[in-house]
Every structure is written in structure tokens, then in C-alpha cells.
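Since the structure comes first, as C-alpha cells, the remarks are kept for the end.
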Amino acid sequence: MRTAVPGALLSVAGILISLQSVQGWSAPSFCRGYECPEYRLVHANENFEERFYNASDWITTEIEGTDFWTVRGGYNKLCDYLDGENEANQEIPMTRPIAITVLEPSSGEDRSITISVYVPPGTDLPKPTDSSITEFSLPAGIMFVRTFTGMPTESNFFDNLEALENDLKSAGKQYNPLRRIAAGYDGPLTLFKHNEVWLQGA
Ligand SMILES: *[C@@H]1O[C@H](CO)[C@@H](O)[C@H](O)[C@H]1NC(C)=O
């Protein structure tokens, strides 16, 4: 059950955001002090936010499914890379969010699932020793975002995506239904987890 954000709170948020854009970007509190991709809030209502994200770089690896252990395996692989399992034995700071992307095939291919970690601008990425880790860039653009708390389970992920799709349809927003993204910001020990599902504007 999701609590609606009262209109007054949203307008306070709007004022804070316009102040913020005057002073430059500061990462939202749900990034928990980690670097995370920069965006500008275009629109918000009680169900979703429309954000315009800067272009961003990510390191990524393919996974076989979205169940807990499969995701965990992919996440550990990316952590090892960041912890120095790379050709330069270089440690790279952890960031937020950790994103799981499910890309449905538009034609005959299989669907692909990846797990990715954001890479801040200017980061010098050493070559991975594990060839299944690659780098990719997400172009700047609109992302529709629904936030939910609690455990970021597979069923919560898909339920919230469905709710977001329904809200976008009622609001008449154009989005890409083939690329579905779950963005997690918290480790297992955080009590009040901030989770998001993203659909790209079309
Ligand atoms: C994000 O985009 C804005 C607007 O183009 C720009 O001013 C800002 O420097 C960019 N931030 C990063 C981290 O690239």
C-alpha cells in the first residue's frame, strides 16, 4: 500500500527543487551520500515522477533471471570489479543506484536482463579481467519513476512496473514498454529501503 503525497508537500518540494537548480545539482537524500546520475525533475504527482536524466555511463553484466540469487550473483561480479578485480587492480568507489534492466525483444531475439552500476563522469575505468563485464552509455532523456519502499523483491518489481504503466497510460504519457528498469539504492541492512522502477520516455 502506497501513501499519497499531499499536494502541499509536493509544492514545497517544487520550491526546494527550483532553489537547488539555481545552486547546482546536489544528489537526492535517497542516494545516501553516494554519487548517482544527475536529473532534473520535470513533473511529479502522487504516483510517479517524470525526470530528465543527463546522459550517464554504467558498468554492466548480463544475468539469466531476476530472482534474488541470480541478481545477487551479478551484483557480486560488479562489486569484485569495483573492488579491484580489474587489469589495473584499481579500486573504484561504489555508487547508486544498482539497476536491473529487462529488455524485451522487439522481434525474434531472446529477452536480455542486465545488472548495472552507475559510473560518474570522469571516472577512468580499467579493463575488466572478467570479459562478461562491459560498459555502456544511456543517452540523456526522460525517465518515468515510481518509488516504493520495502524489500525489492522480484514480484514487487513487476507489480510496481505494472502500476507505473497503468498510471502512465491514464496520464497519456508515451513510454518504451520494452525496456523495464528496477533501481535499488539500499543494501540489505537498511530498514526503510528506497526502490524505484523506471520506464523510459518514448
Ligand atoms: C547535467 O546536465 C546539465 C544541463 O545540461 C549540466 O549543466 C550539468 O553539468 C550536467 N551534469 C553532469 C554531471 O554532467
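Please read all numbers here as calculations on a predicted model, not as lab measurements. Counting starts at 1 for both ligands and their atoms, in listed order.
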What does the N/O contact table under 3.5 Å look like for ligand 1?
{"residue": "ligand 1", "atom": "2 (O)", "partner": "N54", "partner atom": "OD1", "Å": "3.1"}
{"residue": "ligand 1", "atom": "2 (O)", "partner": "N54", "partner atom": "ND2", "Å": "2.5"}
{"residue": "ligand 1", "atom": "11 (N)", "partner": "E38", "partner atom": "OE1", "Å": "2.7"}
{"residue": "ligand 1", "atom": "11 (N)", "partner": "N54", "partner atom": "ND2", "Å": "2.8"}
{"residue": "ligand 1", "atom": "14 (O)", "partner": "N54", "partner atom": "ND2", "Å": "3.4"}

Within 45° cone and under 6.0 Å: R96 NZ/CZ vs Y185 ring: no
Measure up the Y39 and Y53 rings against each other and bin them: parallel (under 30°), tilted (30 to 60°), perpendicular (over 60°). tilted
Salt-bridge present (E104, R179; N to O < 4.0 Å): no
If you round to the nearest 0.5 Å, how far is CD of E49 from CD of E196? 7.5 Å
Can you hop from V197 to L103 via hydrophobic side chains spaced under 4.5 Å? no
Going by heavy atoms in the side chains, are T129 and E87 under 4.5 Å from each other? yes
